[in-house]
Amino acid sequence: MAKTIKSISAVQMFCAFRDLKHRKFWGSRMWLDGTYYGSVGQVSEEAVRKYIETQKHRG
């Protein structure tokens with residue numbers, strides 16, 4: 001399910017922001033393989049921010 005969401009969102013982003021096609025995303029991958037699941041009540045906003053920051057440095 002996550003791969004489908006990532007694929008659809010990537011296509012929509014490339015259509016909305018055509019400049020992205022000329023950047024390093026095109027021909028490689030826009031999204032990392034990792035996926036984070038958590039319900040709204042169980043994860044703090046800070047935990048989500050921390051996860052996002054660590055993912056930026058992995059790619």
Side-chain angles (χ1 to χ4, degrees):
M1 182 194 262
K3 285 185 178 186
T4 300
I5 292 170
K6 289 178 178 183
S7 176
I8 292 169
S9 64
V11 169
Q12 290 176 343
M13 288 176 64
F14 284 128
C15 288
F17 303 99
R18 298 205 180 268
D19 296 2
L20 290 177
K21 284 188 175 184
H22 303 291
R23 295 189 181 191
K24 69 176 184 174
F25 304 115
W26 201 252
S28 61
R29 295 187 305 189
M30 183 167 204
W31 303 116
L32 293 175
D33 288 336
T35 304
Y36 180 82
Y37 297 97
S39 68
V40 174
Q42 296 176 344
V43 180
S44 70
E45 181 178 340
E46 181 58 31
V48 174
R49 289 184 189 278
K50 187 174 180 180
Y51 174 81
I52 292 169
E53 282 301 314
T54 60
Q55 294 304 301
K56 287 180 183 177
H57 301 293
R58 287 182 53 190

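Transitive grouping of hydrophobic side chains (ILVMFWY, heavy atoms separated by less than 4.5 Å) brings Y51 and V48 into a common cluster.
Between the side chain of S9 and the main chain of I5, a donor-acceptor pair closer than 3.5 Å is present.
A salt bridge links R49 and E45; the closest N-O separation between the charged side-chain nitrogens and carboxylate oxygens is under 4.0 Å.
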